[in-house]
K.L.:
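One structure follows; several queries about it will come next.
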There are 2 protein chains.
Amino acid sequence: MFNTGSDITGSLEDYLETIYRILGRSSVARVRDIAEEMQVTPASVSPAMKRLSEKKLIRYSKRNYIELTEKGLFIARRTMTRHNLLSRFLTEILGISREQAENDACAMEHYLSDSSMERLAAFFEFLAACPELQVLIKTGFGNCLENETEYLFRCSKSICPLMVHDDKDNIGLELLCLIDLEPGSSRKIARINAAQKIRRQLIDSGFIQGARVILIRPGTTDLPFIVRLDGYDQELPAAMAECVLVYPDCEGTGENDNEE
Amino acid sequence: MFNTGSDITGSLEDYLETIYRILGRSSVARVRDIAEEMQVTPASVSPAMKRLSEKKLIRYSKRNYIELTEKGLFIARRTMTRHNLLSRFLTEILGISREQAENDACAMEHYLSDSSMERLAAFFEFLAACPELQVLIKTGFGNCLENETEYLFRCSKSICPLMVHDDKDNIGLELLCLIDLEPGSSRKIARINAAQKIRRQLIDSGFIQGARVILIRPGTTDLPFIVRLDGYDQELPAAMAECVLVYPDCEGTGENDNEE
DNA sequence: TTCGTTTGTTAGATTAGTCTAACAGAAATA
DNA sequence: TATTTCTGTTAGACTAATCTAACAAACGAA
Ligand SMILES: [Mn+2]
Ligand SMILES: [Mn+2]
Ligand SMILES: [Mn+2]
Ligand SMILES: [Mn+2]
């Protein structure tokens, strides 16, 4: 569907990656092993091996063992590396579960460009070399995982005073709530102060940090607010609208005004 | 090829996303507009609209304007949001060019799971609320862009003393170079101290921060080093091997020993 | 109203990737 | 050696996505 960077499809990259993985731990790779590891039938692997052979990415004569060529080895390794980078980003930075991260990474890996890959690798080098960053991410962000009722940032004051959350009054110190805006005002979103379903719904609807919203019509408990986002007017029940925190002034929203 | 989270393909998600984008700025969406925006022929759009219609994601009767249904709007918005999150991550955090970021994001968006999406959104909220993190990423990491000859981290001492780079002797203070290891020693990679082609080659080959390497055979200027990575022995010319910096002790590599 | 231009659809081809079912070869076992 | 089991291939079907070329409808002048 999209370019993969190498001139083969994502599916073939996965076959190469799987072969690479198998050959890294055992001496031979067979159709059976590949089928099992990739959760496809052997009948799918056979023609895939033929396609890889034609492209000179593996050496394979029917019913024999499978070997990677130089070129195949290169693509396999690069795919594996992108997989690892993405998977580590998802687990170590974002705090996603290993299994989910593996899934996401293995699907996205085929579309991460060389330059993005290189910068992501650099990010881990930077992180490893910078203890302050580690603390902020692991202790600060890592602790703000979603719980049953609230989605809180639990930074220590010394690290991140703006996000202190011990006394409720401090939440979003100079932030406004969407429901407190004048009709017609346009603001950028700072934070979604909700958890679970409401948070998910708001994010799915495009309410993410930095997005610009315009309050078209204020609402009440019974009458939904109407908010414009991406050029669309959408209704928002009061319960959801009051979870959207925005920056106070129309322009100069801290640092994020580099939008067109 | 992979699941998309919604029960439609990535291609159809893109059609919805495009329709959403068009309807956000103009009053009608026509086959022509979609074809143009997506760089496909109108002959590809027609059957796609039919597929979307069958799935009740758009309302479309032949030769009329195209409208999103509730369900279609939802998927479109979610796709758009994931696109924006990924694109912003690539540009704002990693420093990728807008165009490249758009490409990567629009390809990867279909495979970012709900939980990863939610955490990525949270990351931006955290970033926006945490000035220290902004400084570290924008000033610290943002400045370590690849240049012609070197790949340097240019943090200020006060922020990130380990990475000071003013006097060469300070590079990787307590880090070792791969070429200085005893044969047989196993270490984790801390940093690739190279830029451009050499850096790219090493990363493509799997030499990323946190990866474990074993020096199998030392080399010389003429004889390549042999290094084991992912269970594979690979040759590494001295010029490349000396760019690989590893953590000094076998275990206890700072903080990154949470591998199996 | 007629005629070209724009716009959209359809037919037909192609590529890719998956499956089930049937078959074939090789290895293990009796 | 004969038979069973394991392994891999092939045939045939299906879905999705794209294209080119041909056609059809609608629109806008003239
Ligand atoms: Mn993959
Ligand atoms: Mn993978
Ligand atoms: Mn896309
Ligand atoms: Mn997109």
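Below, each value reflects all heavy atoms present in this structure, side chains not excepted, and no hydrogens, waters or symmetry copies. Each chain gets a letter, A, B and so on, in the order its sequence line appears, and its residues count up from 1. Note that the structure is predicted; figures quoted are calculated from it, not measured.
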K.L.:
Taking OP1 and OP2 of C/dA16, is either one under 4.0 Å from a side-chain nitrogen or oxygen of A/Arg51?
P.N.:
no

K.L.:
Using a 4.0 Å cut-off to any heavy atom of chain A, which nucleotides of DNA chain D are the first and last in contact, reading 5' to 3'?
P.N.:
D/dT7 to D/dT10

K.L.:
Between P on C/dG17 and CD on A/Glu13, what's the gap in Å once rounded to a whole number?
P.N.:
11 Å

K.L.:
Starting at atom CD1 of A/Ile8, determine the distance to atom P of C/dA16, rounded to an integer number of angstrom.
P.N.:
11 Å

K.L.:
State, yes or no, whether a side-chain contact exists between B/Glu37 and B/Arg21 at a heavy-atom distance under 4.5 Å.
P.N.:
yes

K.L.:
Would you call the rings of A/Tyr111 and A/Phe2 parallel, tilted or perpendicular, taking 30° and 60° as the class edges?
P.N.:
perpendicular

K.L.:
Do B/Tyr60 and B/Lys50 make a side-chain contact, defined as non-hydrogen atoms from C-beta onward lying under 4.5 Å apart?
P.N.:
no

K.L.:
Contact between B/Glu17 and B/Cys106 at the side-chain level, heavy atoms closer than 4.5 Å - yes or no?
P.N.:
yes

K.L.:
Hey, is the side chain of A/Ser11 poking within less than 4.0 Å of OP1 or OP2 on C/dT18, counting only N and O atoms?
P.N.:
yes

K.L.:
Answer with base, sugar-phosphate or nothing: what part of the nucleic acid does A/Thr9 contact at a heavy-atom distance below 4.0 Å?
P.N.:
sugar-phosphate

K.L.:
Does the side chain of A/Tyr15 get closer than 4.0 angstrom to OP1 or OP2 of C/dA16 through an N or O atom?
P.N.:
no

K.L.:
I want to check something: taking the side chain as every heavy atom from C-beta on, are A/Val227 and A/Ile216 in contact at a cut-off of under 4.5 Å?
P.N.:
no

K.L.:
For DNA chain C, which residues in residues 25-44 of chain B have a heavy atom at a distance below 4.0 Å?
P.N.:
B/Arg30, B/Val31, B/Arg32, B/Pro42, B/Ala43

K.L.:
If you measure from the Lys or Arg side-chain nitrogens to the Asp or Glu carboxylate oxygens, is any gap between A/Arg78 and A/Asp114 under 4.0 Å?
P.N.:
yes

K.L.:
Determine the contact category for A/Tyr60: base if any of its heavy atoms lies under 4.0 Å from a base atom, sugar-phosphate if only primed atoms, P, OP1 or OP2 are that close, otherwise nothing.
P.N.:
sugar-phosphate

K.L.:
Nearest 0.5 Å, please: how far is CD in A/Glu99 from OG in A/Ser87?
P.N.:
11.5 Å

K.L.:
Under 6.0 Å between the ring centres of B/Phe123 and A/Phe89?
P.N.:
no

